[in-house]
Amino acid sequence: MRPSRVRHLCITSALFALTLSVVDRLHSQEFELGAPPAILKGIPFTLTVSAQGALDTLAVVVRLGDGTVLSDSVLPPLESLSLRDVIVSSSDQLPIRVELGSVSEELSPPLLPAWFSILPPLIAIALALMLHEVVTSLFVGVWLGCFLLAGYNPLAALLMTIDQYVVPALADADHASIVVFSLLLGGMVGVISKMGGAKAIVEAVAPLATSTRRAQFATWLAGLAIFFDDYANTLIVGNTMRPLTDRLKVSREKLAYIVDSTAAPVTAIVFVSTWVGYQISLIGDGLQLAAAQSGSNPALAAQLAAASPFDVFIRSIPYLFYPILAIFAVAVFILSRRDFGPMLHAERRAASGGGLYRPGAQLAADLDSELGSVPDNVPMRWWNGVLPVFAVVVTVTVGLIYTGANALGEGETVSFSTILGNADPFATLLWGSLAGCIVGILLAVGQRILSLSDAIGALVSGVKAMTLAIIILLLAWSLGSVTGSLSTASFLSSVLSDRLPLELLPVTVFIVAATVSFATGTSWGTMAVLIPLILPLSVAMGANLGGGAATGLLLGSLGSVLAGSIFGDHCSPISDTTVLSSMASGCDHVDHVKTQLPYAVLVAVVAVAALLVSSLMFRSSPWAAVGLTLAGCGALYAFVRIFGQVSGEGGAVAPRA
């Protein structure tokens with residue numbers, strides 16, 4: 001057969017097959033349904049319908065199992081239908097039937113009592129606090145969530161735990177970046193420690209940091225200095241300051257508290273950080289939703305639509321009572337040398353020689369056991385410890401500016417805040433940790449302190465020391481995904497945010513945000529859920545941006561979302577930043593949570609009191625908020641002076657409970 005005829009037959013066959021495929025798709029009219037993996041009784045959810053194979057406008061009918069019609073409309077080609085606030089109250093209303101043209105499909109996810117959605121995080125947290133074993137506790141929490149999602153099938157839940165939650169948690173690009181960054185930073189610390197850099201820093205600083213108070217205060221200052229990213233703050237400060245605080249007998253629990261309480265609070269307040277872009281984008285979405293829902297008031301809608309999200313964020317800073325007071329509280333505990341609760345016992349144990357951590361503690365990262373001691377013949381040069389860390393900070397800073405500048409949109413204002421708001425923090429953290437490893441290895445090999453193989457071995461040992469923390473982190477992310485599948489945040493929001501006076505909205509929002517963040521372990525996820533809800537709700541209840549009390553209450557509610565999210569994150573054992581703080585400080589994760597919890601609650605109580613007074617008496621005036629912040633600082637100082645006891649230097653060993 002001639003080649004031209006062969007080509008002709010091939011082309012004809014291909015066109016025929018393509019025609020059959022198109023006809024088949026038109027006949028089947030494939031479509032996709034989007035709904036939660038599980039439905040909570042009485043809790044609204046969103047159902048989406050999108051046509052995949054239809055090229056023409058199609059009729060869409062969505063009805064519940066009892067015959068109730070949710071939608072009877074048409075779906076244009078290449079578009080989707082979104083039904084919000086769908087509520088299923090009984091099993092009779094399932095399955096949900098979707099008819100698209102001539103075909104139909106049924107959707108029948110598990111229907112659960114609404115309160116079931118909070119069981120996985122609560123069980124995980126309770127087990128962690130009771131058993132002092134966080135890996136098993138988190139795994140049980142993830143499995144329990146899968147057990148509910150799998151229709152109470154224990155074996156299916158076990159398999160689902162791994163393939164549908166743990167693996168996707170690691171496969172997430174941002175999560176993978178955090179894991180690699182943590183491992184590389186651990187490797188860098190391993191090289192620094194093995195070539196004597198960490199020990200040299202301690203010896204160089206020893207003449208200045210001559211007491212536990214000075215060592216803790218230096219750690220607090222370092223936490224304030226690295227303000228551009230909370231992950232970088234936590235890992236750099238914890239790993240860098242740990243040798244110094246260990247030498248001066250500061251408990252690992254106290255170090256973890258200082259690191260944790262000067263990471264997210266600092267990053268959330270400073271308007272030149274990696275949090276800014278994320279928060280501004282959420283605020284912008286919330287303002288647009290509020291404007292869309294204010295269509296009956298054109299002037300208000302125009303005001304909201306034209307508002308600058310960055311300006312709104314800046315104006316909300318005076319209402320961030322919790323993070324501001326949390327930073328101040330750390331300084332009070334350090335300078336007064338007073339503590340209370342479990343932290344008091346931890347500090348007295350360390351000061352009396354009973355150990356930097358509790359006997360039998362399961363350290364989230366243990367570089368000491370992996371690397372061993374530094375040989376006596378290793379030269380003590382402080383720059384061997386400083387230069388790799390400096391390389392990380394410089395690389396991350398330059399990387400943030402570079403990625404942020406390249407991501408600026410056309411016509412967007414060029415400023416340091418907008419550049420950082422558009423930056424890619426995950427890529428720059430990876431670049432920084434890699435640069436730190438390279439500089440550390442070059443210093444060790446170039447000065448002939450370590451051979452190349454020994455330097456790589458130290459790096460690998462540092463990576464191995466992070467294994468337990470990475471496992472905890474993966475399980476925490478997995479549990480967060482499970483709570484997302486169970487719509488835990490939606491349930492808590494619906495329970496805690498009933499209609500109430502506008503003056504009480506900021507306090508209520510703080511409690512809701514803290515509860516959601518505690519249960520889900522993510523401050524960013526909580527902000528993503530609540531900001532687009534709270535801003536339209538505030539406007540619907542009478543708030544606006546026109547000035548006066550109505551504006552103050554809107555800004556106060558927004559600030560309460562940010563502050564409450566950080567408070568819940570500080571208290572939650574399943575929070576990634578809490579895990580990273582334990583890892584960087586070489587602390588038992590559960591011990592970190594137990595010792596930090598009373599301090600976080602104390603600050604939150606003062607913050608809630610300030611919110612109440614600000615809203616009820618001063619209608620959320622920004623100047624009143626500043627004054628109440630100062631009053632809150634005074635209240636914290638008075639509490640610590642009255643109820644705190646001297647710990648560390650000069651303190652007696654507290655009796656065991």
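Side-chain contact between Asp339 and Lys254: present, with at least one pair of heavy atoms (C-beta onward) separated by less than 4.5 Å. Contact check for Tyr599 versus Val603: no side-chain heavy atoms found under the 4.5 Å cut-off. Considering only heavy atoms from C-beta on, Thr234 stays 4.5 Å or farther from Asp260 through its side chain. Considering only heavy atoms from C-beta on, Ser575 stays 4.5 Å or farther from His570 through its side chain. Side-chain contact between Ile324 and Pro265 is absent, with no heavy atoms from C-beta onward closer than 4.5 Å. Taking the side chain as every heavy atom from C-beta outward, Leu562 and Met527 approach each other to under 4.5 Å.
The closest donor-acceptor contact from the side chain of Thr428 to the backbone of Gly399 lies at 3.5 Å or more, if one exists at all. Panel note: side chain Arg252, backbone Asp588; no donor-acceptor pair is recorded below 3.5 Å. With hydrogens and angles disregarded, no donor-acceptor distance shorter than 3.5 Å links the side chain of Thr595 to the backbone of Pro342. Looking only at distances, no side-chain donor or acceptor of Arg213 sits under 3.5 Å from a matching main-chain atom of Ile334. In this structure, the side chain of Thr578 does not engage the main chain of Ile574 through any donor-acceptor pair within 3.5 Å.
With rounding to the nearest 0.5 Å, the separation of CG in Asp591 from OG in Ser585 is 12.5 Å. To the nearest 0.5 Å, atoms CG (Leu221) and OG1 (Thr262) are separated by 9.5 Å. Note: Ser336 OG to Arg641 CZ = 6.5 Å, rounded to the nearest 0.5 Å. One finds the CD1 atom of Ile269 at 4.0 Å from the CD1 atom of Ile327 (value rounded to the nearest 0.5 Å).
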- [ ] Kindly determine whether Glu347 and Val250 satisfy side-chain contact (heavy atoms from CB on, under 4.5 Å), including the steps that lead there.
- [x] CA-CA 7 Å; Glu347 280 290 272; Val250 177; 4.1 Å; yes
Task: Phe321/Leu611 under side-chain contact (heavy atoms from CB on, under 4.5 Å): CA gap, chis, key distance, verdict - done: CA-CA 8 Å; Phe321 291 109; Leu611 271 174; 3.8 Å; yes
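Annotation for Phe639: atom CZ counts as buried by contact number, over 12 foreign heavy atoms lying within 6.0 Å.
Closest heavy-atom contact between Arg348 and Val646: NH2-O, 2.8 Å.
Using cut-offs of 30° and 60° on the angle between ring planes, the pair His589 and His592 is tilted. Between Tyr257 and Phe333, the ring-plane angle classifies as perpendicular under the 30° and 60° cut-offs.
With ring centers used as reference points, Phe567 lies under 6.0 Å from Tyr322.
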